[in-house]
K.L.:
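One structure follows; several queries about it will come next.
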Amino acid sequence: MRITCPNCGERDRREFYVKGAALARPDVGAGLDEWHDHLHLRDNPASETKELWYHEMGCGAWIEVCRNTVSHEVVSTRLASGAELGGKR
Amino acid sequence: MRFSGWRVLKEGLTGNKGWTPHWRDPEPQPEYDVVIIGGGGHGLATGYYLAKEHGFTNIAVLEKGYLGGGNVGRNTTIVRANYYLPGNSEFYSHSLKQWEGLEEELNYNVMMSQRGQIMVYHNDGQRDAMVRRGNSIINQGDDAELLSRDALREMVPILNYDNARFPILGGLLQRRAGTARHDAVAWGFARGADQRGVDLIQNCEVTGIDIENGKVKGVQTSRGVIRAKKVALAAAGRSGQAAAMAGMRLPIESHVLQAFVSEGIKPVLDHVVSFAEGHLYVSQSDKGGLVFGSYLDFYSSYAARGNLPMVEHTMETMQAMIPALGKAKLLRSWGGIMDMTPDGSPIIDHSGIEGLYLNCGWCYGGFKAIPGSGNAYAHLIATDRPHGAATKFRLDRFRDGHGLMDEEATGAQHNLH
């Protein structure tokens with residue numbers, strides 16, 4: 001699996017740390033159920049999905065990766081910074 | 001048909017013409033008391049114990065592929081009861097006791113081999129943790145022995161005791177732990193369930209769960225509508241999709257875990273050995289192949305195959321811990337889809353929808369759990385109360401933060417288990 005970092009170009013998967021689903025973070029004052037939903041519950045899709053990956057051994061950018069969980073194909077990537085997150089949970 | 005030594009002899013002398021199929025291939029009936037979704041180890045065991053211990057006679061197990069074609073046939077076959085945290089520890093203790101009587105129970109050779117499992121330690125901190133874990137295991141009535149470096153070396157001479165970075169200082173042995181023949185476990189439970197009247201329906205994919213007024217009514221399948229008073233999920237890595245059909249979202253991400261088998265070599269490893277550093281577990285099968293594995297690949301996957309970095313990591317750890325086996329060629333590798341919960345521990349609970357039950361989140365520990373899980377899940381489905389050994393496998397522990405079972409102490413967070 002190779003991931004295209006928007007800053008560095010196509011790199012080996014080993015350079016990245018994966019966080020999981022790219023989600024919009026609830027407001028600080030959000031209630032228990034909303035935080036539970038954000039932290040734990042997942043759509044867990046068997047399809048293309050948006051995830052957060054961190055280019056740990058490269059430029060240090062957080063990247064939103066659209067990846068297919070069935071084929072492992074990396075479909076597209078963009079910098080997470082400034083992007084409106086909120087893919088499937 | 002019962003198996004016995006006498007029967008094997010008789011069939012051997014008469015051309016093996018008297019064997020009959022192990023289970024029927026029934027058409028689905030229009031209605032059942034209980035429909036179990038998933039014909040793997042957990043689903044088949046649940047069907048078996050529902051029929052045997054709770055008197056249910058009208059049960060179906062629905063399997064989208066073939067029986068035992070999922071994770072029960074894709075693991076490293078280790079059976080043990082040396083978990084540490086309350087909740088897990090009593091459950092796996094219960095499960096190991098079920099394993100010990102399983103062959104007589106099922107009249108089926110599951111090749112249960114209590115060869116002993118050893119967790120080796122590499123430093124003083126790990127030794128202290130092993131002492132503590134061992135005491136806890138002994139206190140609950142199971143067996144654990146702390147082995148010194150010399151005692152371990154005599155027992156398992158092939159390990160690299162003098163690795164510069166991770167020297168082996170000793171290990172914690174559980175003699176009652178070991179391995180079992182994974183396929184035979186599925187087949188044995190399937191045969192036992194079938195003999196008690198459970199309909200095992202293969203090539204039957206569930207495509208919808210019918211719920212009316214908060215109560216489950218049945219399932220839509222690729223072989224038609226099946227009505228049911230109770231529906232029980234046992235879909236392993238596909239639990240998320242199965243629950244989505246009931247409008248639920250689970251605290252589960254599906255990940256791929258790889259396993260490996262080397263070419264067959266002469267007997268060199270009598271026990272199951274697991275290493276704390278680099279995380280590796282290895283045993284030698286009866287055919288001589290070394291069966292081993294390591295971490296998850298750590299990204300969401302339904303591919304049932306992994307990537308090269310974790311293959312390399314596993315081989316490097318094998319080479320470091322057992323360099324004598326460095327020239328053994330790798331024969332096969334494969335991946336299984338693990339239903340990972342945030343704390344790495346399972347769920348056996350009500351769904352919150354009347355008549356719908358959950359059995360999921362087995363993470364990387366599902367095989368050893370099979371008899372205990374089937375037993376406990378059947379109890380929950382039949383009585384609507386949790387089995388005494390599985391009271392802490394609650395769905396709501398993530399919401400409340402109470403009763404989390406985070407064995408690795410990394411925090412109850414999705415990408416950390």
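Chain naming here is simple, since letters A, B, ... match the order of the sequence lines and numbering starts at 1 in each. Predicted, not measured: the structure shown is a model, and the values here were computed from it.
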K.L.:
Going by heavy atoms in the side chains, are A/W53 and B/Y299 under 4.5 Å from each other?
P.N.:
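In short, these two side chains touch, coming nearer than 4.5 Å.
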K.L.:
For the CZ atom on B/R394, are there more than 12 heavy atoms of other groups (residues, nucleotides or ligands in this structure) within a distance under 6.0 Å?
P.N.:
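It does not: B/R394 CZ has 12 such atoms or fewer within range.
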K.L.:
What part of A/W35 gets within 4.5 angstrom of chain B, counting heavy atoms only: side chain, backbone, both, or neither?
P.N.:
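The answer is neither part of A/W35.
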K.L.:
Quick one: CG on A/N68 to OG on B/S300, what's the gap to the nearest 0.5 Å?
P.N.:
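Output value for this atom pair is 11.5 Å.
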K.L.:
Tell me the closest heavy-atom pair linking A/H40 and B/A412, and the distance in Å.
P.N.:
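Taking A/H40 first and B/A412 second, the nearest heavy atoms are NE2-O, 4.0 Å.
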K.L.:
Heavy-atom distance under 4.5 Å between the side chains of B/H313 and A/R14, does that happen here?
P.N.:
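SC-SC contact between B/H313 and A/R14 ruled out.
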K.L.:
Going from CG on B/D297 to CE on A/M1, what distance comes out if it is rounded to the nearest 0.5 angstrom?
P.N.:
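If we round to the nearest 0.5 Å, B/D297:CG and A/M1:CE are 7.5 Å apart.
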K.L.:
How far apart are the closest heavy atoms of A/V18 and B/F298, and which atoms are they?
P.N.:
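So the minimum-distance heavy-atom pair works out to CG1-O, 2.7 Å.
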K.L.:
Heavy atom to heavy atom, less than 4.5 Å: which residues from residues 395-406 of chain B reach chain A?
P.N.:
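So the qualifying residues are B/F398, B/R399.
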K.L.:
In residues 336-362 of chain B, which residues are in contact with chain A at a heavy-atom separation under 4.5 Å?
P.N.:
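Hits under 4.5 Å: B/P342.
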K.L.:
Locate the shortest heavy-atom distance separating A/P45 from B/Q241; write the atom from each residue and the value.
P.N.:
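The pair with the smallest heavy-atom distance is C-NE2, 4.0 Å.
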K.L.:
What part of B/E253 gets closer than 4.5 Å to chain A, counting heavy atoms only: side chain, backbone, both or neither?
P.N.:
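Both backbone and side chain.
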K.L.:
Less than 4.0 Å between a side-chain N and a carboxylate O, is that true for B/R249 and A/D37?
P.N.:
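Looking at B/R249 together with A/D37, the answer is yes, because their closest N to O distance falls below 4.0 Å.
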K.L.:
Less than 4.5 Å to any heavy atom of chain B: does that hold for the side chain of A/H36, its backbone, both, or neither?
P.N.:
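Side chain of A/H36 only, per the 4.5 Å heavy-atom cut-off to chain B.
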K.L.:
If you count every heavy atom of other residues, nucleotides or ligands that lies below 6.0 Å from A/Y17 atom OH, does the total exceed 12?
P.N.:
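Yes, enclosed.
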K.L.:
Need one label for B/L250: side chain, backbone, both or neither, based on atoms under 4.5 Å from any heavy atom in chain A.
P.N.:
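Interface part for B/L250: backbone (N, CA, C, O).
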K.L.:
Could you check which of B/N307, B/L308, B/L416 has the highest count of heavy-atom pairs closer than 4.5 Å to chain A?
P.N.:
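Highest number of pairs under 4.5 Å: B/N307.
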K.L.:
We want to know whether B/Y302 and A/N44 form a side-chain donor-acceptor pair, criterion being a heavy-atom distance below 3.5 angstrom.
P.N.:
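There is such a pair (donor and acceptor under 3.5 Å, judged by atom type) between the side chains of B/Y302 and A/N44.
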K.L.:
Is the shortest heavy-atom distance from the side chain of A/R42 to the side chain of B/P251 under 4.5 Å?
P.N.:
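They are not in contact (no side-chain heavy atoms under 4.5 Å apart), so the answer is no.
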K.L.:
Heavy-atom distances under 4.5 Å only: say whether A/L39 touches chain B with side chain, backbone, both or neither.
P.N.:
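For A/L39, backbone heavy atoms alone lie under 4.5 Å from chain B.
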K.L.:
Apply side chain to side chain contact (heavy atoms under 4.5 Å, CB included) to residues A/K19 and B/Q413 and explain how you reach the verdict.
P.N.:
CA-CA 10 Å; A/K19 174 76 172 76; B/Q413 190 175 311; 3.5 Å; yes
K.L.:
Any heavy-atom pair between the side chains of B/R305 and A/H72 that's under 4.5 Å?
P.N.:
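Answer yes - side chains close enough.
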K.L.:
Has the side chain of B/H414 got a donor or acceptor atom that lies under 3.5 Å from a matching backbone atom of A/G20?
P.N.:
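Such a contact is absent between B/H414 side chain and A/G20 backbone.
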K.L.:
Given a strict heavy-atom distance threshold of 4.5 Å, which part of B/A243 is in contact with chain A: side chain, backbone, both, or neither?
P.N.:
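Neither part.
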